Number of protein chains: 2
Amino acid sequence: MARSKEFDERAALDAAMQVFWEKGYEATSLSDLTARMGIQRTSLYATFGDKQSLFLACLAKYSEATMAYYQAKLQKETTIREAIRSCFADIIAAAYDAKPNRGCFSINTMVELAPHDPEFARITRHNQTQLQVLFQQAIERGMETGELAEKLDAAAVSRSLVVYMAGLLVTLKSKPEREFVEDSLSTLLQLLK
Amino acid sequence: MARSKEFDERAALDAAMQVFWEKGYEATSLSDLTARMGIQRTSLYATFGDKQSLFLACLAKYSEATMAYYQAKLQKETTIREAIRSCFADIIAAAYDAKPNRGCFSINTMVELAPHDPEFARITRHNQTQLQVLFQQAIERGMETGELAEKLDAAAVSRSLVVYMAGLLVTLKSKPEREFVEDSLSTLLQLLK
DNA sequence: ATAATTCCGTACCGATCAGTACAAAAAGGA
DNA sequence: TCCTTTTTGTACTGATCGGTACGGAATTAT
């Protein structure tokens, strides 16, 4: 038999995800990846395939983690309204903490790759839709419990929320005044009344 | 004296803008630029400086044109509400016509360059703010004429609008179902009631 | 210990990148 | 017509890109 791998595949994939998330696809070089992953070029190709395959694996990993995060968050808070507000507030808080501000991996990919590649358009569109469904289900729960008004169109409102979230993630990349995004968020949440 | 330029500087700049708008900064090569601009490499450097200088000139040209477009649009329509709806409706319509979907040059730049370059963060943030002011002024006019409710917070609502617009431009890059974005838009415009 | 098998490190591939040197060509002023 | 000045086209620079060939090192089974 042969020797076994000397590195942790999951850890390496996670490191690659960080690089792609921060720099995007084109701006990330194979040297960037191997340096951060702590493995050699040859090992990378043998384990993850070429650059695009690795990127796809990273994006999938990110999507799963993110969906699990939002699913948990939307069920934990005391009220639906507060849960949703908390999702957006966390995004704002993270943007002013992190350096540099990475935003959302899926949204970044949507901007960089979706327009020229139908496969990436499909994947990122799917991620967006998954998130919208989570919001819709949360809103519907809120309507059932009486927390939210019965007249709400849960599908339409949740669609507004995810479109707005994409806008928030993008806008934060320019480091606007906190007041700017916080005012916009407060206003948006009036849609839940 | 010497010979005069053989090409139209404005036309060349406009051509460069189209390429950068469509492909972004990094993905655009000097060869892409010279091919579309119809000039030689040397002429490009002599006239516009290096790649980044040319990009900045293109972004400035785009911003001026876009602001003029929105300023005119927000004053032309019959009602403020309809004028604003029309701004967003045009974005949606353009996204399904154009191939590929270029979105907004300034927003694209915000995603690609702002996180790693404070100068680009400043420029794109400024563009975003300028647009927000246009919306705010329009809303204030609507409140004065009685078209819109007096209780509106024009600044906060206009901030929501531009954040949402960024989200719309980004979301459209994944070619979602029209229903998706149209539902979200109808819902968002309830903020103007 | 030895053989078999897999991983790892280096060094390289052709292609392309942004940017430039240089000389021929062209145009204006005299 | 001739000289000066600028533009233009070609060909090149060193660097970096994604991807790979290949041999030595390490590890397991025999």
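Fair warning: this is a prediction, and the values are worked out from it, not measured in the lab.
Put simply, CD on A/E9 is 16 Å from C1' on C/dC8, counting in whole angstrom units. Atom NZ of A/K51 is separated from atom C1' of D/dC17 by 8 Å (rounded to the nearest Å). In this structure, A/K23 atom NZ and D/dT16 atom P are separated by 13 Å, rounded to whole Å. The interatomic distance linking B/D32 (CG) with C/dT16 (C1') rounds to 11 Å, in whole Å. In this structure, B/L44 places its CG atom 10 Å from P of C/dG19, rounding to the nearest Å. A/I39 has its CD1 atom 16 Å from the C1' atom of C/dT10, to the nearest Å. Between the CG atom of B/L30 and the C1' atom of D/dA11 there is a distance of 15 Å, given to the nearest Å.
Taking the six-membered ring wherever Trp is involved, the centroid distance between the rings of A/F55 and A/F105 falls below 6.0 Å. Not less than 6.0 angstrom separates the ring centroid of A/Y62 from the ring centroid of A/F20.
Residue B/Q40 is the one, among A/Y45 and B/Q40, whose nearest nucleotide of DNA chain D lies closer to the 5' end (criterion: closest heavy atom). Nearest-nucleotide positions on DNA chain D place A/T28 closer to the 5' end than the other of A/T42 and A/T28.
Between the base of D/dG9 and the side chain of B/R41 there is no donor-acceptor pair shorter than 3.5 Å.
Hydrophobic clustering (ILVMFWY, side-chain heavy atoms < 4.5 Å, transitive): B/Y69 and B/I92 are in one cluster.
Within the structure, a side-chain polar atom (N or O) of B/S43 is placed less than 4.0 Å from OP1 or OP2 of D/dT8.
Nearest heavy atom pair, residue B/K73 against residue B/A83, reads O-CB, 4.0 Å.
Here B/S29 lies in heavy-atom contact (under 4.0 Å) with sugar-phosphate atoms only. Residue contacts shown for A/T34 are absent, as no nucleic acid heavy atom lies under 4.0 Å away.
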